[in-house]
Amino acid sequence: MDLSDTPEEAAFRVRLREWLAEALPALPPKPDPADWPGRRAYDLGWQRTLYDAGYADVHWDASPALRMIFLEESEKAGAPYVGANFVGLLHAGPTIAAEGTDAQRARWLPPILRGEEVWCQGFSEPDAGSDLAALRTRARRDGDDYVVTGSKIWTSHAEVADWCELLVRTDPEAPRHRGITWLAMPMDAEGITVRPLRTLAGSTEFAEVFLDEVRVPAANRVGAENDGWRVTMVTLSFERGTAFVGEVVACRRVLRQLACTAQENGHWDDPALRRRLGRLDAEFRALWRLTQWNVSEAAAGGGVPGVGGSVFKLRYSGARQELYDTAADVLGPDALDLDRPWVLDRLSSLSYTIAAGTSQIQRNIVAERMLGLPKGR
């Protein structure tokens, strides 16, 4: 398989690099990390800049290869991450583009692209653990609306979101995976309570969301009623397949910085540390090639990433944790200083074996869907 750029992709890469070199110096100062309204405004401002330059729709209207080039070059140039808009751009938007009606695409995709609306993800629940199909949030049909009652947890950016990609149970009598529906819920609807959660790193990008008889128009259902599990697999395939591309590039950059720091502070003399850095370099190079392969497979399969994203997610989350554990060894006693580079990253890396599907779930997917092994009892 040829993983090199085509002439079209190479030209796109050059144009993007030149544009980033001009656009990034004009950005305003970054807001305080704890100022979520400020961060929302900053992130949406960057999205508007992308829109005006013609790069906003690369996440779902370009080929998977161009999407990966965009994320790679943006990270290399130090461009802002999608931030508060990541659910809309990388999860909900691609799902609506793939599964929504013409009217739904016309309503929701342009505001995401123009940097006007933020989405959050209402999938996980307090009592479901890593078993997403065990969700209990109920939605009963009442005329032209669904009436939703339940709660969600780890809802990314709920406190600044306009919309929520929400999973609900619409048929409690159906088998677990067949009674689920995917809804787009307006976050200003009556009956929604958002309670931010403070993470180990001190941030509040997650929240609990409580839903008390919330009315959601039936027109906001993406896919058929009770077919939400299939739609959700589309969402998760994007989350695991291409959403981490920029982070792989970032990890490779951190690895080079770690090597330089180790040479400066004397830790480079430790042969065990050099071996760990060398093995991590090989690991992230392999993950990059795996990502390219997954993107090529997605292009051949209509643009939706396949189960190879689970292989990537499983390996990447573990490699990321090992990278920042190695950073702690390089920093030595400074690894306890929260103001030092990589310290907060180490704390946040602990969540990666849970986010976007736990490592245990990814192993099940690989075993059952790729290797053909029987399901556990």
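Predicted, not measured: the structure shown is a model, and the values here were computed from it.
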Which residues share a side-chain hydrogen bond (donor to acceptor under 3.5 Å, both in side chains) with Thr149, sequence neighbours left out: Glu213
Over 12 foreign heavy atoms within 6.0 Å of CZ, Arg48: yes
Qualifying side-chain hydrogen bond (donor to acceptor under 3.5 Å, both in side chains) pairs with a residue from residues 16-28, counting only residues at least two apart or across chains: Arg17-Glu73
side-chain hydrogen bond (donor to acceptor under 3.5 Å, both in side chains) partners for Arg15, two or more places apart: none
Listed once per pair and sorted, the salt bridge (charged side-chain N to carboxylate O under 4.0 Å, His left out) pairs that draw on residues 101-115, sequence neighbours left out: Asp102-Arg105, Arg107-Glu117, Arg114-Glu116
Donor-acceptor under 3.5 Å (Lys76 side chain, Arg253 main chain): no
Residues that Asp334 engages under side-chain hydrogen bond (donor to acceptor under 3.5 Å, both in side chains), provided they are two or more places apart: Arg340
Contacts of type side-chain contact (heavy atoms from CB on, under 4.5 Å), residue Thr193, not counting sequence neighbours: Phe210
Any pair counted as salt bridge (charged side-chain N to carboxylate O under 4.0 Å, His left out), so long as it reaches residues 269-278, sequence neighbours left out: Arg276-Asp329
Partners meeting side-chain contact (heavy atoms from CB on, under 4.5 Å) with Glu159 (sequence neighbours left out): Trp36, Val194, Pro196, Thr204
Pair His157 and Phe206, ring centroids less than 6.0 Å apart: no
Results of side-chain hydrogen bond (donor to acceptor under 3.5 Å, both in side chains) for Glu8 - residues two or more places apart only: none
Exam field: side chain Glu165 to backbone Trp119, donor-acceptor pair closer than 3.5 Å: no
Phe284 six-ring face occupied by Arg252 cation (under 6.0 Å, within 45°): no
Pairs touching residues 177-197 that satisfy salt bridge (charged side-chain N to carboxylate O under 4.0 Å, His left out), sequence neighbours left out: Arg195-Glu208
Salt bridge (charged side-chain N to carboxylate O under 4.0 Å, His left out) partners of residues 86-99, not counting sequence neighbours, each pair once: Glu99-Arg230
Test item: Asp142 side-chain N/O and Val147 main-chain N/O as donor-acceptor pair under 3.5 Å: no
Side chain Asn85, main chain Val118, donor-acceptor under 3.5 Å: no
Salt bridge (Lys or Arg N to Asp or Glu O under 4.0 Å) against Arg169, all qualifying residues, sequence neighbours excluded: none
